[in-house]
Structures are given as structure tokens and as C-alpha cells.
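The structure under discussion appears below in the form of C-alpha cells.
What you see is a predicted model; the values in this text were computed from it and never measured.
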Amino acid sequence: MSQRCQRVIHWFRKGLRLHDNPALIEACKDASELYPVFVLDPWFVTNANVGANRWRFLAQTLDDLDKKLQLLNLRLFVVRGNPETELEKLCKKWKITKLTYEVDTEPYAVARDERVGVTMDNLGVSVTTSISHTLYDVHRIVKINGGKAPLTYQSFQTAASRLGPPEQALSSPTVQDLQGCRTPISDTHNKEFGVPTLEDLGVCMTDLGPNLYPGGETEALERMERHLKKVNWICSFEKPKTEPNSLLPSTTVLSPYLKFGCLSSRLFYHKLVNVYKGKKHSQPPVSLMGQVLWREFYYTVAAVTPNFDKMKGNPVCKQIPWQENMDYLNAWKEGRTGYPFIDAVMIQLRREGWIHHLARHAVACFLTRGDLWISWEEGQKEFEKLLLDADWSLNAGNWMWLSASAFFHQYFRVYSPVAFGKKTDPNGDFIRNYIPALKKFPAKYIFEPWKAPTTMQQTAGCIIGKDYPKPIVDHDIVRQQNIQKMAAAYAKSKSSNPDTNKDNIKDLSSKSSKKRQPDDADNGPLKKKKKS
DNA sequence: AGAGCGGTTGGAGCA
DNA sequence: GTGCTCCAACCGCTC
């Protein structure tokens with residue numbers, strides 16, 4: 001048993017959980033005093049686009065975390081301000097000797113953590129980090145893939161499989177683990193360090209929707225276990241066969257919990273392995289396990305691709321001459337494109353903070369290459385704001401996928417804003433739920449109400465063009481035009497600078513492998529030749 | 001080294 | 001409900 005001689009801050013950022021939290025376990029190991037800290041970074045308040053529903057999710061998550069820490073005789077300290085300066089202040093105040101946190105691969109976090117590292121160095125505080133947000137050290141996957149970001153799921157899977165299964169998830173720390181360790185709590189703790197209320201966060205209450213997916217580790221684990229009990233459902237799960245427009249979610253909705261780290265992806269991974277054991281089950285990429293790997297795929301590419309959330313300067317992103325159109329963009333955001341399925345999904349997004357993956361496909365295709373020809377970055381920003389599960393790597397990656405800017409290239413496959421939703425909801429109940437104005441339209445016309453005869457519109461109590469908008473574009477026409485524009489953009493990128501992307505990726509990989517050389521020394525230098 | 005293969009989730013029409 | 005073809009032909013990866 002190690003001696004309790006350290007005064008430790010465990011810095012919660014993502015990883016807002018006690019289970020499978022190796023950095024927290026590391027903090028508990030030899031601490032005489034342990035301070036769990038969450039820093040409310042003003043960067044996120046001003047730069048990151050956080051809508052009301054996600055603020056609520058975060059507040060609930062922090063509240064749950066504080067309650068769980070209290071069961072261990074600890075408390076959460078929420079501080080506001082720049083992490084670098086706030087942590088420095090706290091380290092001095094509490095005479096901290098050690099800082100622990102979970103690795104975050106997002107560029108903002110990497111830069112931030114580097115600055116914090118320098119500050120800690122100057123203070124003589126030792127820093128211990130652990131990888132537990134992703135299944136693997138994503139840089140190891142890149143290295144196995146020849147130092148390049150994998151651009152297909154298959155090449156990702158091949159590389160990842162060579163690492164074997166991810167490590168087992170750790171248990172939460174127990175009261176026994178913390179014997180001899182304390183957190184000094186002042187009388188003014190709640191006032192000084194309490195979990196912020198929505199008022200504190202400046203959340204506009206009228207923007208809040210129904211609380212369908214409450215935040216927190218407790219809720220995350222319950223939700224996971226609820227789904228794991230449905231063994232047949234788990235084993236036969238195929239993502240493309242789930243419904244984008246059912247009134248209740250047809251998938252697990254674990255994504256918000258994985259985004260904040262209320263749930264460990266490794267725990268979910270191994271729970272799935274256990275359910276699958278000895279049974280016939282679906283396979284990646286369509287299986288539930290496949291979904292966990294998709295998350296890892298995007299985290300991997302995003303970690304080593306510069307400007308991953310932009311088109312310009314992004315070596316994996318096709319350069320496409322998108323056009324600005326505020327009228328179209330606002331109509332899309334506000335759910336008044338005149339295409340009921342698209343609008344209903346956008347209204348659900350704004351209200352509830354979660355929409356089905358395939359619904360995201362339909363509205364993303366519509367905004368970009370399908371209909372409105374607006375940059376995927378605009379859609380990315382809106383999703384970033386409104387989705388509870390808005391996850392930087394996945395959001396950017398999926399927007400590039402849907403706009404056929406990266407990963408997916410069959411741009412001639414276009415989702416129909418009319419036909420796609422009909423397949424799984426022929427009666428249009430989803431539309432009726434989110435757009436009451438259309439409630440009385442017969443099923444035959446509810447996906448394209450402008451085609452209903454005027455008398456029928458009168459009977460339904462909804463005149464198209466007055467009570468509900470006419471379609472802002474004619475899908476059949478713009479679809480054709482946009483496919484041609486895509487073909488032209490693809491041809492241009494092929495002829496003008498066919499090797500630009502590859503060169504950028506190579507530059508990048510040599511940079512990152514140089515940087516990581518001490519770590520990688522045991523595996524020898526990268527070899528160019530595959531076969532000898 | 002360039003042809004062939006496969007790619008989570010398109011739509012329409014037809015058997 | 002399922003599965004084929006056509007539409008026109010993309011890309012990255014493999015051998």
C-alpha cells in the first residue's frame with residue numbers, strides 16, 4: 001500500500017463519471033487530500049455553441065457527479081474561469097502536489113492541456129493522465145495504419161483489430177479505496193463551488209424542451225442496463241434498419257452519455273461482448289458494437305487531421321463551392337422548408353436535443369448536396385448547438401460524410417425529403433406530432449401537402465403557403481442540378497491538385513510520429529515498404 | 001501499378 | 001416484405 005502523501009486535484013472535463021475512470025483511481029491511490037474539480041471554461045460559454053438543453057444536461061450531470069462523490073465523502077468543486085489560471089490559483093491555495101485528468105484528443109483540449117502542463121511544471125505539480133474516453137489510444141491506431149488517418153471504416157477496423165480488445169473497464173472507487181483521504185470542505189462550499197443552476201448559466205428557460213434524456217452517470221448506467229436486458233434486440237440490431245421517425249427512439253440514445261463520458265465506451269463495449277457471447281449476433285459496421293467503433297473511427301481521424309471542423313485547410317475534405325443563402329439556412333434551422341419530414345426533424349432537434357441518426361442524414365443531405373447547397377459547416381454549427389450528444393469529432397466527421405466531402409463519395413445517392421420518411425412512417429404520425437398544422441392532412445399528402453387539392457387543404461384547416469410554407473426548393477430540379485455541381489467539384493479536385501490531400505496527410509503523419517517518437521521507440525521506426 | 005472490389009443507411013420500378 | 005436492376009459512376013484500398 002502506498003503512503004498517502006499527495007494533495008491531489010482530479011480535473012473532470014469529459015469523463016464525468018466514477019466508473020472506468022483510471023485518472024480518478026490514480027488520484028485516489030496516494031492522496032491525503034483529494035479535490036475533484038470541474039472548470040466551467042468561459043471559452044465554452046462564448047465560443048462553443050451550447051443550447052439550453054445541453055446546458056441542462058451538463059448541470060444535471062455535474063449534480064449527479066457531486067452526489068456520487070458525496071457517497072465517497074468527497075465533494076465536487078465547480079469553478080468558473082480559464083482552466084489554466086483557475087487551476088494555478090487552486091494549486092497554490094490547496095498546496096497541490098499532483099494533478100490527474102483524462103486525455104482529451106480535441107484540438108482545443110490538446111492546446112489547453114499543454115498550457116496547463118507548463119503551468120503545473122512551473123508549480124512543481126506532477127501531472128498524471130489516462131486514456132479512457134476512447135477505447136484505444138487513437139494515435140496507436142494511426143501508427144498501425146502507416147501513420148495516416150484511416151479514411152474508411154474497414155481500414156480503421158483492420159488497424160484497430162491489431163490492438164486486440166480494449167482494456168477492461170475499471171470499477172468506481174470505493175470508500176475503502178479512500179480510507180485516510182479527505183476533502184476539506186468549507187461552510188461556504190455550495191456558494192463558492194456548488195454546481196451551477198440554469199439561472200447561473202444564463203440559460204433561457206423558454207428554450208428548454210421536455211427533459212427526455214436527463215444527464216448523469218446514474219441515468220447513463222440505468223439506460224445502458226435497460227437496453228442490455230433486451231438480448232434479442234441487442235443481437236439482431238442493425239442500424240440501417242432502425243427507424244428515423246418513430247415517436248419513441250428506435251435506438252439506445254446512449255450518445256449524449258458517451259459524449260460527456262457519463263458512460264465509458266469501454267464499459268459498453270465489454271457489456272456488449274458479454275451479451276453476444278455464445279449467440280449469433282449482428283456485426284460491425286451495422287451492429288451496436290459497430291456503432292461504438294464508428295465513434296472511435298471519427299475520434300481517430302479527427303485527432304490527426306488539421307482543421308477537421310472546416311473545409312479549408314482540411315486535407316481529408318473535398319473542396320466544394322457551397323453558397324451562402326441566409327433565407328434557406330434560416331428556413332432549414334427553423335423547420336420551415338416546406339418539406340414536412342425535414343421540418344419535423346428540425347423541430348424535434350430544437351425541442352428535444354436528440355434526433356435519430358438517419359434523420360440527421362436526411363436533414364444534412366437536404367442542407368448540403370441534396371437541396372440547399374449550403375456549406376456543411378453551417379449545419380455542423382446548428383447541430384453543435386442543439387444536440388445533447390454534439391461531439392466535436394463525430395459531428396464534423398458525419399457532416400463531411402453526408403455532404404460527400406469525405407469518407408462517403410457516392411454523391412449521386414440523394415435522400416428524398418418526401419420518400420425517405422414514408423418508408424418507416426407511411427401515415428406521417430411523426431410529422432403530425434411535431435407539426436400540428438399538418439395534423440389533419442390525409443396520409444397520401446402529408447409528406448407533400450402542396451400537392452393536396454385546395455378543397456382538401458381547406459378541410460384540413462391548413463392552406464399551404466399561408467398556414468404552412470410551400471417548398472422553398474423543388475427537390476426534383478435542384479437534386480439534378482446539385483449532382484452536376486458535385487460532379488464538377490469532384491472533377492476539379494481530381495484534375496487540379498490530385499496529390500494535395502495525400503501530401504498533406506503525409507506531412508501531418510511525419511510530424512505527429514516525430515512528436516511521439518519517445519513513446520514509439522519500442523516498436524521501431526515506421527517502415528515505408530509493406531512487403532519485403 | 002492500375003483494375004477490381006466494396007462501400008452502415010438512395011430512389012424508382014418491377015418481379 | 002424482399003430482392004433485383006437501373007440510374008450513372010464516386011472514392012480508398014488491395015493485390
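- A:Q480 has its CD atom 9 Å from the P atom of C:dA8, to the nearest Å.
- Taking side-chain N and O atoms only, A:K241 has no distance below 4.0 Å to OP1 or OP2 of B:dT8.
- The phosphate of B:dG7 has neither OP1 nor OP2 within less than 4.0 Å of any side-chain N or O from A:T152.
- Annotation: of the two residues near DNA chain C, A:R479 and A:P150, the 5′-most nearest-nucleotide partner is A:R479.
- The structure places CD1 of A:I446 at 5.5 Å from CG of A:L438, a figure rounded to the nearest 0.5 Å.
- Comparing the same atom, C1', in C:dA9 and in C:dT5 gives a spacing of 15 Å after rounding to whole Å.
- Between A:D389 and A:K259 there is no salt bridge, since no side-chain N of the basic residue sits under 4.0 Å from a carboxylate O of the acidic one.
- For the pair A:Q410 and C:dA9, the criterion of a side-chain N or O lying under 4.0 Å from OP1 or OP2 is not met.
- Distances from the side chain of A:H409 to the nucleotides B:dT8, B:dG11, B:dG7 place B:dG7 closest.
- Looking only at atom types and distance, the side chain of A:H356 has a donor-acceptor partner in the side chain of A:T242 under 3.5 Å away.
- Within the nucleic acid shown, A:V286 comes within 4.0 Å of at least one base atom, counting heavy atoms only.
- Looking at A:F447 and A:Y339, their side chains never come closer than 4.5 Å, going by heavy atoms from C-beta outward.
- For an aromatic pair to be called close, the ring centres must be under 6.0 Å apart, and A:W401 with A:W294 satisfies this.
- In summary, of the residues considered (A:E219, A:E217, A:E102), a salt bridge (Lys or Arg N to Asp or Glu O under 4.0 Å) with A:R17 occurs for A:E102 alone.
- As rounded to whole Å, 16 Å separates atom P of B:dG11 from atom CG of A:N482.
- With P as the reference atom, B:dT8 and C:dT14 are 14 Å apart, rounded to whole Å.
- If you check B:dG11, B:dT9, C:dG12 against the side chain of A:A419, the one that comes closest is B:dG11.
- Computed from coordinates, the A:R413 CZ to B:dA12 P distance equals 14 Å when rounded to whole Å.
- Nucleotides B:dG6 and C:dC4 place their P atoms 15 Å apart, quoted to the nearest Å.
- Atom CD of A:E238 is separated from atom P of C:dG1 by 17 Å (rounded to the nearest Å).
- Within a 6.0 Å radius of NZ in A:K279, more than 12 heavy atoms belonging to other residues, nucleotides or ligands are found.
- Atom pair A:F407:CZ and C:dC10:C1' shows a separation of 16 Å (rounding to whole Å applied).
- When the nucleotides B:dG11, C:dC13, C:dC10 are ranked by their closest atom to the side chain of A:F420, B:dG11 comes out on top.
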Dot-bracket pairing map - DNA chain C, Watson-Crick plus G-U, both contacts under 3.5 Å, | cross-strand
.||||||..||||||
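- Across the protein-nucleic acid pair, A:L402 atom CG and C:dC11 atom C1' stand 16 Å apart, rounded to whole Å.
- A:K423 places its NZ atom 11 Å from the P atom of B:dT9, with the value rounded to the nearest Å.
- The aromatic ring of A:W294 stacks onto the base of B:dT8, its centre lying under 5.5 Å from the centre of the six-membered base ring with the two planes under 30° apart.
- Within 4.0 Å of A:K422, counting heavy atoms only, lies no atom of the nucleic acid at all.
- Across all strands, A:Q291 comes closer than 4.0 Å to base atoms (heavy-atom distances).
- Across B:dG10, B:dT8, C:dC10, the shortest atom-to-atom separation from the side chain of A:F412 is found for C:dC10.
- Using bins of under 30°, 30° to 60° and over 60° for the plane-to-plane angle, the ring pair A:Y415/A:H361 lands in the perpendicular bin.
- A distance-only check finds a donor-acceptor pair linking the side chain of A:S246 to the backbone of A:L248 [under 3.5 Å].
- Taking atom OH on A:Y490 and atom P on C:dA9, their separation rounds to 14 Å, with Å as the unit.
- At C:dC11, one or more side-chain N or O atoms of A:K494 fall inside 4.0 Å of OP1 or OP2 (strictly under the cut-off).
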